[in-house]
Amino acid sequence: MNNYRMTPILKLNDNFEVSMNKIRLRFAPSPTGYLHIGGARTALFNWLLAKKLKGVFILRIEDTDVARSTQESVDAILQGMEWLGLDWDEGPFYQSDNFPLYKEYVQKLLDEGKAYRCYCTAEELEAKRERAMKEGRKPKYDGTCRNLTVADAGRPSVVRFRAPEEGVTAFNDLIKGPISFNNEELDDLIIERSDGTPTYNFVVVIDDASMGISMVIRGDDHINNTPRQILLYEALGKAVPQFAHVPMILGSDKTRLSKRHGATSVMAYRDMGFLPEAMVNYLVRLGWSFGDEEIFSREDLIEKFSIEAVGKSAGVFNPDKLLWLNAHYIKNGDPERLAGLLVPFLNERGVDPDAGPSLPAVVKTLQERARTMIEMADGALFYFREDYEFDEAAAEKFLTPESSILLAELKIRLSALESFDAETIGAAFKQLCTDMGVKLPQVAQPARVALTGKTAAPGIFEVVETLGKKVTLTRLDRAVAVAKNLPVH
RNA sequence: GGUCCCAUCGUCUAGUGGUUAGGACACCGGCCUUUCACGUCGGUAACAGGGGUUCAAGUCCCCUUGGGAUCACCA
């Protein structure tokens, strides 16, 4: 156990402690793709804990794999973080900027005899590994070069860390609990490639140590790397951080979440009309809970989140629940803000958002019937198109000669209204029903088809109000003309 | 195959020895209603299996089974 040198736990009501021991957390994605669901959740957990404990959140780009890292990926990750509202206090730092530092530490380990040069070729190693696997033995490095006494500067070589051959390496994972490994299971990992670049397990340790990271929250696929890293911290004489390994996210078939299960990029969800607060709320609840609560504002989360309450087991990504949360946030969102978010979706549909009713007013009528901004945009189309088609079945049922009489009368009454708010409009509808001896649906449905072209739409009084008097009357005229020409049945 | 991790409704989860095993999504039904939704009320549905420990086990221990991760000159 490494508890004896645990980072001091933050005491919130002890200002001295806080200033002396600010917890330092980091998110360290490798820029080989966009920010995906799993990474976003890891970033979120780090961010939340940093906020909660008034610590420091650092963004570090792990681009030691020069071949696979791209600037586009860096930009995509940054964009994803920004969309989710996960800001960082320090960084972004790039590992590729630290190559000299890594070099220095490799040399230090070499000088101290804690690392050695290995001249085995990749091919030889691969062959040995395959043979070991086939014979059912551990495919670990056999130590061929471990005790070489003379260096051969001429031959290409890698640098290996000299790991202890016995003993136990253990740590107390904040999520999983105590985890331990027999050192004999670990082999001498390569810390510097033959081309002189450092490898991941070495670089993370140097970076986390030099950045003073006190707690590492990352995916549980790193559990098996942890003992090697701890050994490196020890060899380097650095303090070992605390670890918290978050379980991974699965697809509906319980295999690792991938494109097969749908979108995995967080930005794809923005494009599908999801709100960032819904995404944050969903992601945090996938693996973490706080009693029976489901809805959490950002402030709630900062107050209530704790890493110890994160569950140990992998979770299935459930798009339905995300959708439900999104619907919730749309329903309760500020119409002005939603209107702004809706614009690109309307543009995509060839609609000019300025050439129609006030957007916030449109949004208000759609908030409780749209689960995504796409649904909202689709539902809003009729407000902006004067040439809308009448749904065939709807027209046949509701735009009849009989209803044309009601619609014509409705037009007269609406045109006479002084104020044009939903309440007044509703009263006019009801008065019309009374006077003509019909039920409200007998007027409301034809009116709905007349004004929207469909049978499914927001409340008819709101639609009339939102459309405004002029447009309403024009549309009513058009519908009456159609209704008169449809056959009686 | 070695090592490591995990295991409560279909899914996300509450539960820290004594509960009619709770909530949420989804699903089904009632109500509300100008359509569609929203809302609301109710329902179906779970402790993987086997051994222990204990007066008492979803909760503690062991085994089995099942799932997953990892074993690179990727990160």
Side-chain angles (χ1 to χ4, degrees), chain A residues 28-32 62-65 67-69 95 118 120-122 125-126 129 132-140 156-160 173 176-177 179-182 184-187 189-195 197-201 203-204 219-227 245 247-248 250 252 254-256 282 285-295 311-325 327 331 366-371 375 379 394 398 426 429-430 433 439-449 452 454-461 463:
Chain A
S30 65
T32 53
E62 312 230 310
D63 59 348
T64 48
D65 184 353
R68 291 200 305 154
S69 300
Q95 290 187 320
C118 169
C120 299
T121 67
L125 260 19
E126 184 57 32
R129 197 165 21 242
M133 287 281 251
K134 202 176 299 170
E135 292 169 9
R137 290 179 291 115
K138 299 188 219 306
K140 56 181 273 191
S157 65
V158 298
V159 177
R160 283 184 188 273
D173 193 281
K176 306 271 189 178
I179 298 177
S180 68
F181 294 80
N182 286 320
E184 60 185 329
E185 302 295 339
L186 278 19
D187 61 358
L189 78 158
I190 293 173
I191 59 177
E192 187 183 279
R193 303 183 183 96
S194 47
D195 66 358
T197 58
T199 58
Y200 170 75
N201 280 112
V203 166
V204 225
D220 69 2
D221 49 332
H222 285 285
I223 287 181
N224 292 304
N225 287 328
T226 307
H245 288 99
M248 64 178 220
L250 310 174
S252 50
K254 302 225 176 185
T255 61
R256 189 188 209 108
Y282 179 72
R285 270 289 286 108
L286 180 52
W288 173 85
S289 61
F290 191 80
D292 284 341
E293 292 182 43
E294 293 288 347
I295 305 292
K312 295 168 190 259
S313 52
V316 174
F317 182 78
N318 183 349
D320 276 334
K321 189 145 186 182
L322 208 210
L323 201 54
W324 173 75
L325 278 163
K331 208 176 304 161
L366 264 6
Q367 274 179 290
E368 61 185 30
R369 51 203 107 220
R371 294 177 301 175
E375 287 185 4
F398 295 110
F429 265 80
K430 284 163 190 162
C433 291
K439 301 279 192 196
L440 182 57
Q442 292 176 259
V443 181
Q445 280 303 81
R448 184 185 317 284
V449 175
T452 72
K454 309 170 294 184
T455 52
I460 190 63
F461 309 151
V463 168

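Naming convention: chains lettered A, B, ... in sequence-line order (proteins, then strands); numbering from 1 in each chain. Please read these numbers as outputs of a predicted model, since none were measured by experiment.
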| field | Span that lies between the P atom of rG22(B) and that of rA45(B), in whole angstrom | value | 12 Å

| task | Assign G459(A) to base, sugar-phosphate, or nothing according to its heavy-atom contacts below 4.0 angstrom with the strands shown. | result | base

| query | Given rU11(B), is OP1 or OP2 found less than 4.0 Å from the side-chain N or O atoms of K321(A)? | reply | no

| Closest listed nucleotide, where the reference is the side chain of D320(A) and the choices are rC25(B), rG39(B), rG68(B) | rC25(B)

| remark: Per atom distances to the A122(A) side chain, the nearest of rC73(B), rU35(B), rA69(B) is rC73(B)

Between the protein and nucleotides 29-33 of chain B, which nitrogen or oxygen pairs are less than 3.5 angstrom apart?
none

| task | Under a 3.5 Å limit for both distances, which nucleotide forms a Watson-Crick or G-U wobble pair with rC25(B), could you say? | result | rG10(B)

| query | Once you round it to whole Å, what is the distance between C1' of rA14(B) and CG of L286(A)? | reply | 16 Å

| task | Would you tell me if any nitrogen or oxygen in the side chain of T199(A) comes within less than 4.0 Å of OP1 or OP2 on rC73(B)? | result | no

| message | Nearest whole Å is fine: how far is rU59(B) P from K312(A) NZ? | response | 14 Å

| message | Strictly by Watson-Crick or wobble contacts shorter than 3.5 Å, is anything paired with rU54(B), and which nucleotide is it? | response | none

| Does a nitrogen or oxygen in the side chain of R256(A) sit under 4.0 Å from OP1 or OP2 of rA69(B)? | yes

| said: Could you check whether the side chain of R369(A) and the base of rC38(B) have a donor-acceptor pair of N or O atoms closer than 3.5 Å, going by distance alone? | reply: no

| If every non-hydrogen atom of K176(A) is compared with every non-hydrogen atom of H245(A), which pair is closest and at what distance? | CE-O, 3.7 Å

| field | Non-hydrogen atoms of R371(A) and E375(A) that approach each other most closely | value | N-OE1, 2.8 Å

| task | Look at all strands and tell whether T452(A) reaches a base, only sugar-phosphate, or nothing, counting heavy atoms closer than 4.0 Å. | result | nothing

| query | Does E62(A) reach the side chain of V204(A), with side-chain heavy atoms less than 4.5 Å apart? | reply | yes

| field | Presence of donor-acceptor pair under 3.5 Å, side chain of S194(A) and base of rC73(B) | value | yes

| query | With a non-hydrogen cut-off below 4.0 angstrom, is F461(A) in contact with a base, only sugar-phosphate, or nothing? | reply | base

| query | Any side-chain heavy atom of W324(A) sitting closer than 4.5 Å to one from Y282(A)? | reply | no

| said: Under a 3.5 Å cut-off for both contacts, is rA45(B) paired Watson-Crick or G-U wobble with anything, and if yes, with which nucleotide? | reply: none

| request: Could you tell me whether K331(A) contacts a base, only the sugar-phosphate backbone, or nothing, with contacts defined as non-hydrogen atoms closer than 4.0 Å? | output: sugar-phosphate

| remark: By side chain to side chain contact (heavy atoms under 4.5 Å, CB included), R160(A) pairs with (sequence neighbours left out) Y116(A), C118(A), L125(A), Y141(A), V158(A), D188(A), I190(A)

| said: Among rG22(B), rA69(B), rC4(B), which nucleotide has an atom closest to any side-chain atom of I223(A)? | reply: rC4(B)

| In the structure shown, which nucleotide is the Watson-Crick or G-U wobble counterpart of rU59(B), with both distances under 3.5 Å? | none

| query | Within the structure shown, what part of the strands sits under 4.0 Å from S289(A) by heavy-atom distance: base, sugar-phosphate, or nothing? | reply | sugar-phosphate

| query | Rounded to the Å, how far apart are M248(A) CE and rA7(B) P? | reply | 14 Å

| message | Any base atoms under 4.0 Å from G287(A), or only sugar-phosphate, or nothing? Heavy atoms, all strands. | response | sugar-phosphate

| query | Is any side-chain heavy atom of T455(A) less than 4.5 Å from a side-chain heavy atom of V449(A)? | reply | yes

| said: Rounded to whole Å, how long is the line connecting atom CZ of R285(A) with atom P of rG23(B)? | reply: 14 Å

| request: Look through every strand shown and name the nucleotide pairing with rG17(B) as Watson-Crick or G-U wobble, where both distances are under 3.5 Å. | output: none

| task | Let me know, please, whether L250(A) or A314(A) comes out on the 5' side of the other along RNA chain B by nearest nucleotide. | result | A314(A)

| Listed nucleotide nearest any side-chain atom of I190(A), set rA72(B), rU70(B), rC5(B) | rA72(B)

| field | Under 3.5 Å on both distances, the Watson-Crick or G-U partner of rU40(B) | value | rG30(B)

| remark: Winner on side-chain proximity to S313(A), out of rA7(B), rG10(B), rA72(B), is rA7(B)

| request: Give one of base, sugar-phosphate or nothing for N225(A), where a contact means two heavy atoms less than 4.0 Å apart. | output: base

| message | Is the phosphate of rG10(B) approached by K254(A) (side-chain N or O, under 4.0 Å from OP1 or OP2)? | response | no

| Contact class for T197(A) vs. all strands (heavy atom < 4.0 Å): base, sugar-phosphate, or nothing? | nothing

| query | Heavy-atom distance under 4.5 Å between the side chains of I223(A) and I179(A), does that happen here? | reply | yes

| said: Taking only the C1' atom of each, what is the distance from rU54(B) to rC61(B) in whole angstrom? | reply: 12 Å

| field | Rounded distance (Å) that lies between atom C1' of rG68(B) and atom NE2 of H245(A) | value | 15 Å

| said: Of the listed nucleotides (rC25(B), rC36(B), rC6(B)), which one gets closest to any side-chain atom of W324(A)? | reply: rC25(B)

| said: Using heavy-atom distances to pick each residue's nearest nucleotide on RNA chain B, tell me which of L125(A) and N224(A) is more 5'. | reply: N224(A)

| said: Classify R68(A) by what it touches in the nucleic acid, base, sugar-phosphate, or nothing, heavy-atom distance under 4.0 Å. | reply: base

| query | Rounded to the Å, how far apart are E368(A) CD and rG39(B) C1'? | reply | 8 Å

| said: Need one value for V316(A): base, sugar-phosphate or nothing, where a base atom within 4.0 Å counts as base even if backbone is also close, heavy atoms only. | reply: sugar-phosphate

| field | Base-pairing mate for rA69(B) - Watson-Crick or G-U, with both contacts under 3.5 Å | value | rU3(B)

| Looking for any heavy atom pair under 4.0 Å, which part of the strands does H222(A) touch: base, sugar-phosphate only, or nothing? | base

| Considering only the C1' atoms, how many Å lie between rG17(B) and rC47(B), rounded to the nearest integer? | 15 Å

| request: Kindly indicate whether the side chain of P31(A), heavy atoms from C-beta on, has any atom under 4.5 Å from the side chain of S69(A). | output: yes

| query | Looking at G311(A) and P247(A), what are the two nearest heavy atoms and their distance? | reply | O-CG, 3.2 Å

| field | Set of residues satisfying side chain to side chain contact (heavy atoms under 4.5 Å, CB included) with respect to N224(A), sequence neighbours excluded | value | F181(A)

| said: Within the 4.0 Å heavy-atom criterion, would you say P227(A) contacts the bases, only the backbone, or no part of the nucleic acid? | reply: nothing

| Just by modelled atom types, is the K439(A) backbone N or O under 3.5 Å from a matching donor or acceptor in the Q442(A) side chain? | yes

| Separation of rC25(B) C1' from F317(A) CZ (nearest whole Å) | 13 Å

| task | Measure the CD1-CD distance between I460(A) and Q445(A) for me, rounded to the nearest 0.5 Å. | result | 8.5 Å

| remark: Of the listed rA75(B), rA72(B), rU35(B), the closest approach to the A457(A) side chain comes from rU35(B)

| query | What nucleotide, of rC73(B), rA75(B), rC25(B), holds the atom closest to the side chain of Y200(A)? | reply | rA75(B)

| message | Taking any heavy-atom pair under 4.0 Å as a contact, classify C120(A): base, sugar-phosphate, or nothing. | response | base

| remark: Here the distance between atom C1' of rU34(B) and atom CZ of R448(A), to the nearest Å, is 5 Å

| task | Check every strand shown and say whether E294(A) touches a base, only sugar-phosphate, or nothing at a heavy-atom separation below 4.0 Å. | result | base

